[in-house]
Amino acid sequence: MTPGRSSLDSGLEGLCRVFGAVRDPRLAVLDALPDSVKPSAALLATVLGQDIGVGALAKLLRELSHRLGDRLLSLGSQDWTELERACKMGFLAEWPHKDALAGWVLSVSDFLRAHGQIPSWQTGFVGPTELVDAMARELPWMGSRSPSKVKGWRLARWVVRGELGNMGWSETAREALVLPVAAVERPLRSLGWLPGGWSDLSVGKKQEWFEARSSVAFERDPASLWVPLETVLARGRFGPACQEHIGSCKGCPVRSDCPCPGRS
């Protein structure tokens with residue numbers, strides 16, 4: 001017998017219960033780097049992660065770390081020639097932003113000089129909103145013209161929720177995190193959880209709708225929904241990533257809502 005469809009509330013709770021411990025696969029780009037530089041490298045990875053796959057981004061970070069060592073994120077404008085030379089990599093030939101790479105790396109160094117290393121941000125910024133707004137103003141491709149600022153909020157989530165290690169942020173800061181609905185619209189649509197007329201709503205109205213329905217059960221940690229939602233029907237190594245984590249569709253809390261052929 002096929003189970004009935006789940007409500008949005010019960011579905012979100014089930015996803016958090018089953019997939020809440022799943023690591024954000026984007027963090028894999030930092031695995032080959034020394035632990036001491038991973039927080040700062042996470043900021044660099046966030047900026048550079050534009051129109052590039054996870055595997056290529058990981059290779060790019062490894063190459064930059066190998067070529068520039070501990071100086072990677074402390075270079076200044078006086079080091080421009082060295083930085084530009086280090087950023088010439090054959091495997092980036094088709095990347096549309098290859099000519100901007102050196103400037104992007106320098107902008108991250110400048111941001112860290114201005115605001116300190118990531119572990120100090122919990123005292124340097126009033127809260128995650130101020131952090132995200134600063135990144136949008138001062139760093140390329142971080143949402144200066146975007147109402148959603150997905151990349152900025154993802155990095156804020158890594159930092160504030162301790163996904164990069166304990167950074168000392170308060171529970172109040174965790175409650176202030178935003179989960180941009182633009183980041184999880186795909187799984188919400190796939191599971192049939194979006195209301196009628198969705199495409200006609202403004203970005204702000206879409207965000208209001210999502211927050212109104214997700215904040216009741218997740219008010220103290222709204223961003224905890226992010227990875228569980230992204231895991232559903234995401235592409236894994238050998239099929240859907242959600243199946244890889246739970247072994248089959250049988251134990252999935254949203255099995256009745258899922259279009260995956262393996263759900264039966």
Which atom names give the shortest non-hydrogen contact between [X] and [Y], and what distance separates them?
X      : Y      : result
Ala183 : Val150 : CB-CG1, 3.9 Å
Leu106 : Arg113 : CD1-NH2, 4.2 Å
Ser214 : Leu225 : CB-CD1, 3.6 Å
Trp121 : Gly116 : NE1-O, 2.9 Å
Leu33  : Leu61  : CD2-O, 4.1 Å
Ser144 : Ala136 : CB-O, 3.2 Å

Report yes if the side chains of [X] and [Y] come closer than 4.5 Å at any heavy-atom pair, otherwise no.
X      : Y      : result
Val181 : Leu188 : yes
Val184 : Glu230 : yes
Arg186 : Leu233 : yes
Leu57  : Arg26  : no
Asp133 : Phe125 : no
Cys16  : Pro228 : yes
Leu72  : Val37  : no
Pro253 : Glu13  : no

Sorted by first residue and then second, give each ring pair (Phe, Tyr, Trp, His ring centres under 6.0 Å) pair with at least one member in [range]; sequence neighbours left out.
range            : value
residues 200-220 : Trp198-Trp209
residues 146-182 : none
residues 53-94   : none

Just how far is it from atom [atom1] of [X] to atom [atom2] of [Y], taken to the nearest 0.5 Å?
X      : Y      : atom1 : atom2 : answer
Leu60  : Leu44  : CG    : CG    : 7.5 Å
Asp31  : Arg23  : CG    : CZ    : 4.0 Å
Asp221 : Arg174 : CG    : CZ    : 4.5 Å
Met135 : Leu43  : CE    : CG    : 7.0 Å
Leu12  : Leu229 : CG    : CG    : 6.0 Å
Lys205 : Asp200 : NZ    : CG    : 14.0 Å

Not counting sequence neighbours, list each pair that qualifies as a salt bridge (Lys or Arg N to Asp or Glu O under 4.0 Å) and has a residue in [range].
range            : value
residues 75-92   : Arg71-Asp79, Arg71-Glu82
residues 46-60   : none
residues 93-107  : none
residues 238-248 : Arg237-Glu244

In chain order, what residues pass the side-chain hydrogen bond (donor to acceptor under 3.5 Å, both in side chains) check against [X], with sequence neighbours excluded?
X      : answer
Asp70  : none
Arg213 : none
Asp35  : Lys38
Ser109 : none

Given side-chain contact (heavy atoms from CB on, under 4.5 Å), test Leu191 with Leu8 step by step and report yes or no. CA-CA 9 Å; Leu191 294 168; Leu8 176 62; over 6 Å; no

The test is salt bridge (charged side-chain N to carboxylate O under 4.0 Å, His left out); show your working for Asp24 and Arg161 and say whether it passes. CA-CA 12 Å; Asp24 189 336; Arg161 298 190 76 247; over 6 Å; no

Is the number of heavy atoms from other residues, nucleotides or ligands under 6.0 Å of Arg235 CZ greater than 12?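 Open: at most 12 neighbouring heavy atoms sit under 6.0 Å from CZ of Arg235.
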
[X] side chain to [Y] main-chain N or O, any donor-acceptor pair under 3.5 Å?
X      : Y      : result
Arg220 : Glu175 : no
Lys151 : Met142 : no
Arg157 : Val178 : no
Ser146 : Ser148 : yes
Arg67  : Ala86  : yes

Hydrophobic clustering (ILVMFWY, side-chain heavy atoms < 4.5 Å, transitive) - are Val54 and Ile52 grouped together?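 Ile52 and Val54: one cluster.
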
Identify, with sequence neighbours excluded, every residue that meets ring-ring contact (aromatic ring centres under 6.0 Å, His included) alongside Trp95.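 For Trp95 the ring-ring contact (aromatic ring centres under 6.0 Å, His included) partners, ignoring immediate neighbours, are His97, Trp104.
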
Just do the side chain to side chain donor-acceptor pair (under 3.5 Å) check on Gln117 and Ser40 with the steps written out, would you? CA-CA 7 Å; Gln117 296 297 310; Ser40 298; 2.5 Å; yes

Apply side-chain contact (heavy atoms from CB on, under 4.5 Å) to the pair Leu164 and Leu27, showing each step before the final yes or no. CA-CA 8 Å; Leu164 284 169; Leu27 290 172; 3.8 Å; yes

Could you walk me through whether Leu64 and Leu48 pass the side-chain contact (heavy atoms from CB on, under 4.5 Å) test, one step at a time? CA-CA 12 Å; Leu64 288 172; Leu48 301 187; 4.0 Å; yes

